[in-house]
Structure formats: C-alpha cells, structure tokens
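In what follows, a structure is listed as structure tokens, so that the remarks can point back to it.
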Amino acid sequence: MSELASEPTSACRQIAERMVAPGKGVLAADESIATMSARLEKAGVEATAENRRRYRELLSATPGLADGVSGIIFCDETLRQTFADGTPFATAVHALGILPGIKVDAGAKPLPGGLERETITEGLDGLPARLAEYAGIGAAFAKWRAVYVISDATPSAGAVRANANALARYAAACQAAGIVPIVEPEVLMDGTHSIERCAEVTADVHAAVREELALLGVDLGGIVLKPNMVVEGNGTSVPSAPEVVAAATVEVLRAWPAELAGVAFLSGGQSPERATANLEAMQAIATPWPLTFSFGRALVDPALAAWVGKDEQVVDGQNALAARVAANAAAVRRRAELQPA
Ligand code: 5MM
C-alpha cells in the first residue's frame, strides 16, 4: 500500500480508538424520519422536522454527556439541521467533545430472492460522493445496519451473503473517505428461538461479514463492530441471566481478531436495565477488544418519555438520558476493576 493510501486508514484507527475509549460508548440517535416520527407520535409529540430537531438538540446538549459518550450517530436530516442558536449539529457536538457520526444506509428493503421477511440494506449507489460531503460537514464516523430474522428457515445463505457484501462495500468506501465505519449486523430478537440458536446465527452472520471485509481489504483496526448481544427470542418467557448472555456473546465474538478496534453493542429492544446488566456482566470476561455500548432505545426511550415535547421538561429529558449514560459508562468502567492489569 502506498504512503498516501495508508493515511485514511491511520486516521480511522485514531478515531475508532476514541469511539471505544475506556468508559465511553456511542449514542445512537439516528432514527430515520419515519421511525422518529412514529416514536414522537407515540409519545404525543407532533412529528415535525422542528420537533425532531428539538429532540436531537435536547439529547446532544445534555450536560456532561461527553463524560460517557464518545460519539453520537445522526441521520441525514439532523446533520443538516442546527441547534436553536444556529450552530450546525456537527459543529456543536464537536465543541462539546463528542464525535458526530452519520447513518448512511438507506434502510432495510425486501430482498429479491430472499425468504419471507428477509431484507437487504440499500444505499450503496453514490455512497463515495455522499461520504465526501458528510466528511466536509464534519462527520467522523458512519453507520450501516444489516438486519437478519431468525426462523426455522432464516436467515438464508443468500441473505447472509448479500448483506455481508453490502456491509463490506460500505466499510471499504468509508475508510477510503477517512470515515470510521460502524459495521452493524443485527440479528433481531423477534421470535421464540433459544439463546443457542441466536448464537449459531450470529456466528454465521459474523463469519460472512469477516470474509467479505477481508476480501475488500477493510482494516479491522479502523472499524467498530456493532452487533446484537446473544439472547433468546423475545417471545420466550424466561430471559437468560446476564452472565449467560455475556458468556454466549463473548464466545461468538472470539472469532474476531485482536486487531478489531472495538465492539459497541446495539440494545435491540431489551429494556434499558437489562441491556446495562448484560453489558456489565461482559466486563468480567477478558477480551482483546473493548466491549461498550452504542444503544439507541436503551438510552433514549426514558428521555423521550420524560420530555414529551414540552420546553419546561427539557431538563427532565436530559436527566433521564444522563442517568442511562451514567449507568452504562459505569458498567463499562467495571472492566478495570474486574480485570485488573
Ligand atoms: C436509532 O435507530 C437506528 C436507525 O433505525 P431506523 O433506520 O430503522 O429508523 C438503529 O439502526 C439503531 O442505531 C440500532 O438498531 C441500535 O438501536 P437499538 O435501539 O437497537 O439500541
């Protein structure tokens, strides 16, 4: 590789290291307009661009957020909006000591040739040009989410391969642009499957992702993996204990080389408390890469419920977010205590 070609890779490694720095995680506030609108309406808040902006400003401007959050993932709409004082979101959070990120996928769409409910995540067309623009706006990292459904027949080999290929093409394009890719293969909790079945599927999905990343020369030291925790389906009655989830999750992750910059989990529909307990249990297990959070719902649901669109309750919303961030930051900080050097 030429010296010039290696520069973006080196920059990516530094950014990735900052994203998974000890005691910190990533806040996923990148709901698409449709998802965010539905969540606002459910909370009794009118789904307007201005209310989506107000909500994202509430989250981003939470006092002390940078103590536990290294980066915030935004969607395209937010990255083009400003704080009430006119400061663009990317500039505002940079000033607060937080890296701005951007969700660049165009969503999970029905997969032609796939089985029932299987999807392929779209958004590769024109991606290098969009990444260059996002870098110009200030984005330091990006995110792409692939979705896999567990049933007796799924995920199919075709869905696993197609999504792995798309994740790798996205990741390679990001690194070429000097942007750190968050690589998010999400095996959904939906269903009545066992934790063992989730482990098996997650391992298969990760193996395909690793293969495709390697084929396109993606530097694992310059990516952050955002996987699901290995848990039983949400249609089963007894949740596995945190120690069981932790052991099953880390066992699957062991196939990733030590070179990987870090792992930042999605919460996937777990309650905020359960996601934190599982994350904390993982800190007792020695791994070559940091294990932290990149939660969406498990961080922001309490904040939205406390705010409900009212100016006079912004502080309540921020306090609710700060409490979840503090709990998760404390969970990941236990690594130093549970695994003394
Ligand atoms: C915040 O939600 C993200 C975007 O979802 P849509 O594009 O479907 O609206 C989502 O990718 C999120 O970042 C991850 O699923 C992690 O969030 P959770 O809530 O699972 O921790």
Side-chain angles (χ1 to χ4, degrees), residues 19 25-43 47 49 52 55-56 58-60 68-79 89 99-110 117 119-123 139 141-149 163 166-167 170 180-190 198 202 205 224-231 233-234 245 249 263-279 282 291-305 320-321 324-325 327-328 331-332:
M19 290 166 68
V26 173
L27 166 59
D30 60 311
E31 297 89 345
S32 58
I33 291 175
T35 302
M36 192 66 249
S37 297
R39 289 186 184 162
L40 286 176
E41 278 171 359
K42 200 170 163 209
R52 291 190 292 273
Y55 173 61
R56 265 61 177 260
L58 174 159
L59 299 176
S60 303
V69 166
S70 57
I72 306 177
I73 318 172
F74 296 114
C75 67
D76 180 89
E77 178 185 57
T78 312
L79 210 66
F89 268 80
L99 295 167
I102 175 74
K103 184 246 296 294
V104 299
D105 68 61
K109 308 287 163 57
R117 292 171 62 219
T119 59
I120 177 72
T121 300
E122 296 188 347
F141 67 93
K143 195 202 83 174
W144 181 287
R145 171 173 169 254
V147 182
Y148 308 85
V149 187
N163 277 292
L167 277 167
Y170 142 80
V180 170
I182 292 183
V183 172
E184 181 179 0
E186 177 175 5
V187 178
L188 295 178
M189 283 177 70
D190 300 357
C198 179
T202 305
V205 162
V224 172
L225 179 69
K226 177 167 173 169
N228 52 284
M229 296 180 189
V230 172
V231 289
N234 56 14
V245 172
T249 302
V263 177
F265 293 100
L266 58 92
S267 57
Q270 299 181 72
S271 71
E273 294 74 19
R274 187 182 183 202
T276 305
N278 288 339
L279 184 64
M282 283 185 228
L291 300 171
T292 188
F293 58 92
S294 176
F295 300 157
R297 288 163 288 179
L299 287 176
V300 301
D301 279 359
L304 178 56
L321 173 63
R324 290 317 318 157
V325 168
N328 286 293
V332 294

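These numbers come from a predicted model, not from an experiment. Ligands are counted one by one from 1 in listed order, and the atoms in each one are counted from 1 as well.
The shortest contact between atom 18 (P) of ligand 1 and any protein heavy atom is with S267 OG, 3.3 Å. Here the heavy atom of the protein found nearest to atom 17 (O) of ligand 1 is G296 N, 3.5 Å. Summary of contacts: the protein heavy atom closest to atom 9 (O) of ligand 1 is T35 OG1, 2.6 Å. Among all non-hydrogen protein atoms, the one lying nearest atom 1 (C) of ligand 1 is D30 OD1, 3.2 Å. Scanning the protein for heavy atoms near atom 20 (O) of ligand 1, the closest one is G268 N, 2.8 Å.
Not a single donor-acceptor pair under 3.5 Å links the side chain of Y170 to the backbone N or O of V104.
With a 4.5 Å cut-off on side-chain heavy atoms, V300 and L27 count as touching. Side-chain contact between T202 and N228: present, with at least one pair of heavy atoms (C-beta onward) separated by less than 4.5 Å.
In summary, of the residues considered (V187, L188, T119), a side-chain contact (heavy atoms from CB on, under 4.5 Å) with V149 occurs for L188 alone.
Salt-bridge annotation for R297 and E31: absent, with no side-chain N of the basic residue lying under 4.0 Å from a carboxylate O of the acidic one.
Of all the atoms in ligand 1, the ones that sit under 4.0 Å from a non-hydrogen atom of A28 are 1 (C), 13 (O). Using a 4.0 Å cut-off to heavy atoms of F295, the atoms of ligand 1 that qualify are 21 (O).
Between the side chains of T78 and R52, not a single donor N or O lies within less than 3.5 Å of an accepting N or O. Side-chain contact check for R324 and T276: at least one donor-acceptor pair (N or O, by modelled atom type) lies under 3.5 Å.
In terms of polar-atom proximity, defined here as any N/O pair under 3.5 Å, R297 does make such a contact with ligand 1.
The shortest heavy-atom distance from K226 to ligand 1 is under 4.0 Å. Using a 4.0 angstrom heavy-atom cutoff, G107 does not count as in contact with ligand 1.
Nearest residue to atom 8 (O) of ligand 1 from E186, K143, R145 is R145 (criterion: closest heavy atom). Heavy-atom proximity to atom 7 (O) of ligand 1, evaluated over K103, Q270, E31, is greatest for K103.
Around the NZ atom of K109, the shell of radius 6.0 Å holds more than 12 heavy atoms that belong to other residues, nucleotides or ligands.
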Check against side chain to side chain contact (heavy atoms under 4.5 Å, CB included), F265 and T249: CA-CA 10 Å; F265 293 100; T249 302; 3.5 Å; yes
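With a 4.0 Å heavy-atom cut-off, ligand 1 is reached by the side chain of E184 but not by its N, CA, C or O.
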